[in-house]
Amino acid sequence: MIKRSAAGKTSESSISVSIDDTSKRNRQGTPFRSIVRWRRRHYLYAGTLSLSLIAACTYYSFYHSPPNDVLVATPVVEESIPPCTTQPWKPHEDMRGQCPGDLKHNPTATTISACASTCCSNPQCITWQFRSDVGCLQGGDVRLGMEKDGVAAWCSDHPPQRWQGQYLYKKGGTAEEDADIRKRGCDAATWNPGEQVGQCFGLGDVKKHASGSAEECRDACCENDKCRAWQWNKELGCFYGSHMHGCQGDDGDPVKFDPFVGRRKFLATREYIDNAGKPWQMTL
């Protein structure tokens, strides 16, 4: 629209503004058309991005998925332990450590549940353990960990672990043979700390003063004329004494470091106390 001045002349600035407004409308369209164009443009971008993501995921799945002949590991659910209603299991503990020969193999119980159930139904069975390589082990009452009351039979409260240790004598050997073995075992150049990597028993309580290293444990044993065997573990410390027995691996079987599963029946006649007369409870 061309405006005229009071003198009847056309205003050049009005013509310029009108032309600019018209060009802008022709170039941009109405507000509605602008919204439609904006949606089309962004939908195009979104579609392109979606296709790119699908292609990337397909490529990764094809090249990074395991072959059809590879089995993917799935979590193993541990078999539950049935309760013993006639004589309940002692709470808050697991017989996961080695018991040196006091429990006997029960070939009829081939699972954890069967091992627990047959022990529960047998009044003579107080303790049971199970591990896949040895099967079901059952027997009477045992002491656990730092317990000092009760029977002589004892079980470790720790899962089987790798040890360092050595005999300083020969079983059934002569005095000369014992002296030679002790001399070599106490010499830092000829000792053999890898002789007994499986846990042994019969060495008494931990020797805290010599638990810093295998060398300290060896030296402490060698300085004691009555000491003829020692073992050391970084977490459990130093143990030594006049003899040790029940060593894992002595029977020729490979040493296993997998934990056992097991329980004990609670006995009202037991106090379950340590050497200081205080109640002792294993740490799970």
Side-chain angles (χ1 to χ4, degrees), residues 81-106 112 115-116 118-120 122-131 134 136-163 165 196 198-211 217 221 227 229-248 250 256-284:
I81 298 174
C84 185
T85 56
T86 56
Q87 194 171 359
W89 310 124
K90 191 173 183 298
H92 311 301
E93 69 179 29
D94 186 13
M95 305 297 293
R96 58 193 179 186
Q98 189 79 16
C99 296
D102 296 299
L103 305 182
K104 305 304 178 183
H105 182 235
N106 181 353
I112 294 176
C115 192
T118 53
C119 182
C120 177
N122 182 2
Q124 303 302 318
C125 180
I126 304 298
T127 307
W128 65 269
Q129 284 187 307
F130 187 92
R131 197 171 68 181
V134 297
C136 177
L137 304 174
Q138 297 176 338
D141 189 26
V142 296
R143 291 182 295 114
L144 179 65
M146 298 301 294
E147 293 174 355
K148 296 301 180 183
D149 71 306
V151 298
W154 178 85
C155 294
S156 173
D157 60 316
H158 297 276
Q161 301 186 48
R162 188 176 296 276
W163 293 74
Q196 293 294 337
Q199 185 175 5
C200 300
F201 301 88
L203 296 176
D205 294 334
V206 61
K207 312 302 189 294
K208 295 182 179 180
H209 67 282
S211 292
C217 191
C221 180
C227 180
W230 64 271
Q231 275 201 309
W232 178 84
N233 175 276
K234 184 176 180 180
E235 295 183 6
L236 304 179
C238 173
F239 298 80
Y240 60 76
S242 60
H243 68 282
M244 58 185 179
H245 61 86
C247 299
Q248 293 175 279
D250 277 0
K256 301 289 186 179
F257 298 103
D258 296 328
F260 290 85
V261 176
R263 296 291 187 271
R264 293 185 297 176
K265 293 176 180 177
F266 177 79
L267 299 179
T269 56
R270 288 282 307 276
E271 296 182 279
Y272 302 103
I273 56 177
D274 61 16
N275 203 33
K278 298 179 180 180
W280 184 87
Q281 183 71 49
M282 77 176 298
T283 301
L284 292 174

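Excluded from the calculations below are hydrogen atoms, water molecules and symmetry mates; all remaining heavy atoms, backbone and side chain alike, are included.
- In this structure, CD in Glu93 is found 7.5 Å from OH in Tyr272, a value given to the nearest 0.5 Å.
- Screening Trp232, Trp163, Trp230 against Phe239 for a ring-ring contact (aromatic ring centres under 6.0 Å, His included) leaves a single residue, Trp163.
- A side-chain contact (heavy atoms from CB on, under 4.5 Å) with Gln129 is found for one member of Val261, Ile112, Leu137, Asp94 and no other, namely Leu137.
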Worksheet item: Going through the checks in order, is the side-chain contact (heavy atoms from CB on, under 4.5 Å) test met by Val206 and Ser211?
Response: CA-CA 8 Å; Val206 61; Ser211 292; 3.8 Å; yes

Practice prompt. Walk me through it: do Leu144 and Trp280 pass the test side-chain contact (heavy atoms from CB on, under 4.5 Å)?
Written response: CA-CA 9 Å; Leu144 179 65; Trp280 184 87; 4.2 Å; yes

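- Using modelled atom types, no side-chain atom of Gln161 and backbone atom of Asn233 make a donor-acceptor pair closer than 3.5 Å.
- The shortest side-chain heavy-atom distance between Lys256 and Pro160 does not fall under the 4.5 Å cut-off.
- Remark: Cys238 SG to Lys207 NZ distance equals 7.0 Å, nearest 0.5 Å.
- Using modelled atom types and a 3.5 Å distance limit, the side chains of Gln138 and Thr127 yield no donor-acceptor pair.
- Looking at Gln231, its side chain does come within 3.5 Å of a backbone N or O of Gly198 through a donor-acceptor pair.
- Scanning all heavy atoms of the two residues, the minimum distance from Cys227 to Ala229 falls at SG-O, 3.5 Å.
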Practice prompt. Kindly determine whether Asn106 and Phe130 satisfy side-chain contact (heavy atoms from CB on, under 4.5 Å), including the steps that lead there.
Written response: CA-CA 10 Å; Asn106 181 353; Phe130 187 92; over 6 Å; no

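- Both the sub-6.0 Å distance and the 45° axial angle are satisfied by Arg131 relative to the ring of Phe260.
- Between atom CG of residue Leu103 and atom SG of residue Cys125 there is a gap of 8.0 Å, rounded to the nearest 0.5 Å.
- Ring geometry for His245 against Phe201 counts as tilted: the plane angle lies between 30° and 60°, on a 0 to 90° scale.
- Note on Glu147 versus Arg264: salt bridge recorded, some NZ/NE/NH1/NH2 to OD/OE distance being below 4.0 Å.
- In terms of heavy-atom proximity, Gln87 sits nearest to Leu267 at NE2-CD2, 3.2 Å.
- Looking only at distances, no side-chain donor or acceptor of Gln199 sits under 3.5 Å from a matching main-chain atom of Gln248.
- The closest donor-acceptor contact from the side chain of Trp89 to the backbone of Pro82 lies under 3.5 Å.
- Under the 3.5 Å distance criterion, the side-chain polar atoms of Arg143 are matched with a main-chain donor or acceptor of Val151.
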Worksheet entry | Asp141 and Arg270: CA distance, side-chain angles, deciding distance, salt bridge (Lys or Arg N to Asp or Glu O under 4.0 Å) verdict | CA-CA 10 Å; Asp141 189 26; Arg270 288 282 307 276; 2.8 Å; yes

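- Asn122 and Lys265 make their closest contact through O-NZ, 3.0 Å (heavy atoms, listed as atom of the first residue, atom of the second, distance).
- Taking the side-chain contact (heavy atoms from CB on, under 4.5 Å) definition, one finds that Pro83 meets it with nothing, sequence neighbours left out.
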Worksheet item: Where do Arg96 and Met282 land on the side-chain contact (heavy atoms from CB on, under 4.5 Å) test, with the steps shown first?
Response: CA-CA 11 Å; Arg96 58 193 179 186; Met282 77 176 298; 3.6 Å; yes

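- Judged by distance alone, with hydrogens and angles left aside, the side-chain atoms of Lys104 form no donor-acceptor pair with the main-chain N or O of Gly139 at under 3.5 Å.
- Between Lys278 and Ile273 there is no side-chain heavy-atom pair separated by less than 4.5 Å.
- Using a 4.5 Å heavy-atom threshold, the side chains of Trp128 and Arg263 count as touching.
- With respect to Asp205 and Lys148, a salt bridge is recorded, a charged nitrogen being found less than 4.0 Å from a carboxylate O.
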Worksheet item: Given Cys84 and Cys119, is the disulfide (SG to SG under 2.5 Å) satisfied, shown in steps?
Response: CA-CA 9 Å; Cys84 185; Cys119 182; over 6 Å; no

